[in-house]
Protein chains: 2
Amino acid sequence: MDEHINIFKALSDATRLKIVWLLTNIDEKICVSEIVEVLDEYQYNVSRHLKILKKANLVEEVKEGKWVFYYLTPIKSEFRQLIQEAIKTIPESQMNNEIHKCKLLLAERPK
Amino acid sequence: MDEHINIFKALSDATRLKIVWLLTNIDEKICVSEIVEVLDEYQYNVSRHLKILKKANLVEEVKEGKWVFYYLTPIKSEFRQLIQEAIKTIPESQMNNEIHKCKLLLAERPK
DNA sequence: TTAACATATGTGTTTTTGCGCATGTAAAAT
DNA sequence: ATTTTACATGCGCAAAAACACATATGTTAA
């Protein structure tokens with residue numbers, strides 16, 4: 001049961017829910033500094049929240065040069081699947097323009 | 001977004017998740033003292049956890065004589081629907097026999 | 001090699017959460 | 001009328017969580 005509780009706990013914070021929501025809605029890996037910019041949060045807080053999400057097995061990371069990119073852990077359980085779908089139903093309007101800012105940002109990414 | 005966070009927060013505690021899980025799996029209203037017996041928790045803790053679940057709009061109550069029966073709030077949103085389904089996937093084996101105890105208890109209920 | 005950038009983490013502080021105890025209220029039983 | 005049963009809640013405390021600040025590590029750029 002603890003796995004499930006850890007997932008719920010991980011999602012019960014605004015910053016973390018926003019991160020997971022972002023990753024669910026854009027279909028790309030994003031790096032820490034991009035999350036920082038989009039969410040307008042301190043870098044150290046974003047890093048810590050990512051650590052909690054990682055511990056809950058919701059995200060994974062891959063290092064590329066000086067960046068660390070985060071992405072949703074591939075779904076293995078029905079539970080995770082349903083949780084992801086639930087998060088996907090949260091409307092963009094409730095996210096304070098985060099996704100819009102994120103799309104602008106991603107568009108500016110050098111190819 | 002706060003509604004969603006409140007739901008996740010409500011579900012990120014073992015006692016509360018067990019209560020919701022119980023209500024999801026037995027298809028009946030149950031009163032506080034029954035939850036107390038099944039979960040082997042103090043009455044004041046169960047009451048408090050129920051209050052949190054109520055605040056998150058996950059459960060509702062109906063008073064009958066000296067008993068207060070709790071039941072799952074009828075589902076209105078897709079989000080809630082998916083969360084409920086997710087909870088339903090949590091196997092009984094992870095619930096430390098709670099549902100078994102509960103079924104025995106309910107069977108003993110006078111008609 | 002030094003500077004700048006990207007990320008992580010140690011430390012102290014404040015806020016939130018959960019618990020135990022005691023107590024309050026209302027209905028039912030005696 | 002008093003006691004018992006069922007449930008709720010105020011209070012104080014301890015543990016956990018979130019935050020801000022400073023700093024450490026590694027990587028690329030100058």
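Within every chain, numbering begins at 1; the chains are lettered A, B, ... in the order of the sequence lines, protein sequences first and strands thereafter. Hydrogens, waters and symmetry mates are skipped; everything else that's a heavy atom, side chains included, is used.
For A:Q43 against C:dA8, a side-chain-to-base donor-acceptor contact under 3.5 Å is present.
Classified by interplanar angle (parallel below 30°, tilted 30° to 60°, perpendicular above 60°), the ring pair A:F69/A:W67 is tilted.
With D:dT27, D:dA18, C:dT7 as the candidates, the nucleotide lying closest to the side chain of A:V32 is C:dT7. In the set C:dG20, D:dC19, C:dT9, the nucleotide with an atom closest to the side chain of B:R48 is C:dG20. Comparing atom distances between the B:K51 side chain and each of C:dG20, D:dA8, D:dT9 picks out D:dT9 as nearest. Distances from the side chain of B:N45 to the nucleotides D:dC19, C:dA8, C:dG20 place C:dG20 closest. Relative to the side chain of B:W67, the nucleotides D:dC21, D:dC7, D:dA17 differ in distance, and D:dC7 lies closest. The listed nucleotides are C:dG20, D:dA8, C:dA26; the one nearest the side chain of B:V68 is D:dA8.
Rounded to an integer number of Å, the gap from A:K66 NZ to C:dA3 P is 16 Å. In this structure, CG of A:L53 is placed 15 Å from C1' of C:dA8, rounded to the nearest angstrom. Following rounding to the nearest Å, A:K9 (NZ) and C:dT16 (P) show an atom-to-atom distance of 17 Å. If you take CD1 of A:I5 and P of C:dG18, they are 11 Å apart, rounded to a whole angstrom. The CG-C1' distance, from B:D13 to C:dT17, rounds to 9 Å in whole Å. Atom pair A:E37:CD and C:dA6:C1' shows a separation of 13 Å (rounding to whole Å applied). Distance, A:K55 NZ to D:dA18 P: 11 Å, rounded to whole Å. Between the C1' atom of D:dG26 and the CD atom of A:E61 lies a distance of 14 Å, rounded to the nearest Å.
Between D:dA17 and A:H49, no contact under 4.0 Å exists linking OP1 or OP2 to a side-chain N or O. Phosphate contact (OP1/OP2 of D:dC7, side-chain N/O of B:S33, threshold under 4.0 Å): present. At C:dA6, none of the side-chain N or O atoms of A:Y70 fall inside 4.0 Å of OP1 or OP2 (strictly under the cut-off).
If you find the closest nucleotide of DNA chain D to B:Y44 and to A:G65, the one lying nearer the 5' end belongs to B:Y44.
Between the side chains of B:S77 and B:Q81, no donor-acceptor pair of N or O atoms lies under 3.5 Å.
Contact check for A:I7 versus A:R80: side-chain heavy atoms found under the 4.5 Å cut-off.
The side chain to side chain donor-acceptor pair (under 3.5 Å) test with A:Y71 singles out one residue from A:E28, A:E61, A:E60, and that residue is A:E60.
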Check: Given B:K18 and B:E41, is the salt bridge (Lys or Arg N to Asp or Glu O under 4.0 Å) satisfied, shown in steps?
Finding: CA-CA 11 Å; B:K18 281 180 187 174; B:E41 254 294 345; over 6 Å; no
